[in-house]
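Only one structure is covered here, and it is reproduced in the block below.
Position 1 is the first residue of the sequence; numbering continues from there. The structure presented is a predicted model; accordingly, all values stated were derived computationally and were not measured.
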Amino acid sequence: MMPLWFPLTLLSAFFLATSDATTKRALTGRNEYLVTWLRIVPTLPLFLIPLLFIPVPKLGDDFYFCIFTGLPLEAVAIILYTKALKLSPLSLTLPLLSLTPLLLLVVPYLLLGERISAMGGAGILLIALGGYLLNTGRGETGILAPLRALAGDKGAMCMLGVAAIYSVTSTLGKRAIASSSPLFFAAVYLPLLVLVLTPVALYKSRGELGPALRNGTVEAALLPAVCYALQALTHVYAVNMTNVAYMIAVKRLSLLFGVLYGHYLFKEKGGIVSTLIMLAGVFLIVAGG
């Protein structure tokens, strides 16, 4: 029987890729800080209202440590993420997120004591390899495309930073959920993230809030925001059901969805071989997890 965390993670990957693609479209000619903020603001009612009905678990120092360590890192990551979407093609930057599962072979062991099975580890490596190879469909770039992108592409550099940060915040999030509950964590963490980002977004987009109500920016950010909230909700439930490395590795299937969006919406190119490699990795994770 298929474990529940797997379809939840697939849904999270799909919603994330949809949010990314629609965010990239919304960013055209618009302030990335403002779009980033508008993308996560709708999570406030989605998670604050249930907070009134969620039992408050007994919270210890570990919960507060994870929350207040993860929040500034998460804020930096989401800004870098949006910059990467604006600056570079989806098919060039998103594959770099495949480095996160590789880092998650080490970080969760150090912070949570989680161990990865041999088959699960092989699956993570295949997903990382497949994500790396997503750029080989471009004849002019070849197998070293992601590395070459690092040398001269600002969007790729931003996404590399995101991959490194996510390996830490995903692990801290799992630890905070274990110290509370999935819904309570989401109901606290995401509104606090909005709170942290608000002064940054308002400062960086000063003078643009009024026009944003009239020039379509708010409407353009609505679908990315809804999809972002749904990916967050499915994420917190799925990550509490399995090893964080397994869950994040499967969630990196958002790269495949993202490349498909890039192909059909922005006329970018992707790779079929890398798709098969990543799917093989997912199979190993499910079989060995």
Cluster link [X] to [Y], ILVMFWY, side chain under 4.5 Å:
X    : Y    : result
V76  : I78  : yes
I49  : V236 : no
L255 : L265 : yes
L87  : V35  : no
I40  : L223 : no

### Query
Hey, mind stepping through L59 and S180 against side-chain contact (heavy atoms from CB on, under 4.5 Å) and telling me if it holds?
CA-CA 7 Å; L59 304 175; S180 55; 3.9 Å; yes
If you compare all heavy atoms of [X] against all heavy atoms of [Y], which two are closest, and at what distance to 0.1 Å?
X    : Y    : result
P50  : P45  : CD-O, 3.8 Å
F266 : R25  : CZ-N, 4.1 Å
A75  : V196 : CB-CG1, 3.8 Å
A13  : S254 : O-CB, 3.3 Å
T82  : E32  : CG2-O, 3.7 Å
G258 : L94  : CA-CD1, 3.8 Å

[atom2] on [Y] to [atom1] on [X], rounded to 0.5 Å:
X    : Y    : atom1 : atom2 : value
R30  : T217 : CZ    : OG1   : 4.0 Å
S181 : I177 : OG    : CD1   : 8.5 Å
T93  : L80  : OG1   : CG    : 12.0 Å
L73  : L193 : CG    : CG    : 11.0 Å

Side-chain touch [X]/[Y], heavy atoms, less than 4.5 angstrom:
X    : Y   : answer
M247 : F6  : no
D61  : F65 : no
Y33  : T36 : no

### Message
Using modelled atom types and a 3.5 Å cut-off, is there a donor and acceptor pairing between side-chain atoms of K24 and backbone atoms of L85?
### Response
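A pair under 3.5 Å: yes.
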### Message
Can a donor-acceptor pair be found, under 3.5 Å and without considering hydrogens, that links the side chain of T242 to the backbone of A238?
### Response
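Side chain of T242 to backbone of A238, a donor-acceptor pair under 3.5 Å: no, none is there.
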### Query
Quick one: do the T43 and Y228 side chains pair a donor with an acceptor below 3.5 Å?
no
### Task
Determine whether the side chains of S205 and N31 contain a donor N or O and an acceptor N or O closer than 3.5 Å.
no
### Message
Working note: L197 + I79, criterion side-chain contact (heavy atoms from CB on, under 4.5 Å); need CA distance, chi angles, decisive distance, verdict.
### Response
CA-CA 9 Å; L197 280 172; I79 291 172; 3.7 Å; yes
### Message
One pair to check against side-chain contact (heavy atoms from CB on, under 4.5 Å): V194 and W37. What are the steps and the verdict?
### Response
CA-CA 7 Å; V194 175; W37 183 67; 4.2 Å; yes
### Message
Among F47, F63, Y189, exactly one meets side-chain contact (heavy atoms from CB on, under 4.5 Å) together with F184. Which residue is that?
### Response
F63
### Task
Just do the salt bridge (charged side-chain N to carboxylate O under 4.0 Å, His left out) check on R39 and D20 with the steps written out, would you?
CA-CA 10 Å; R39 187 186 188 189; D20 287 347; 2.7 Å; yes
### Message
side-chain contact (heavy atoms from CB on, under 4.5 Å) for V168 and T69? Distances and angles first, verdict last.
### Response
CA-CA 10 Å; V168 177; T69 302; 5.8 Å; no
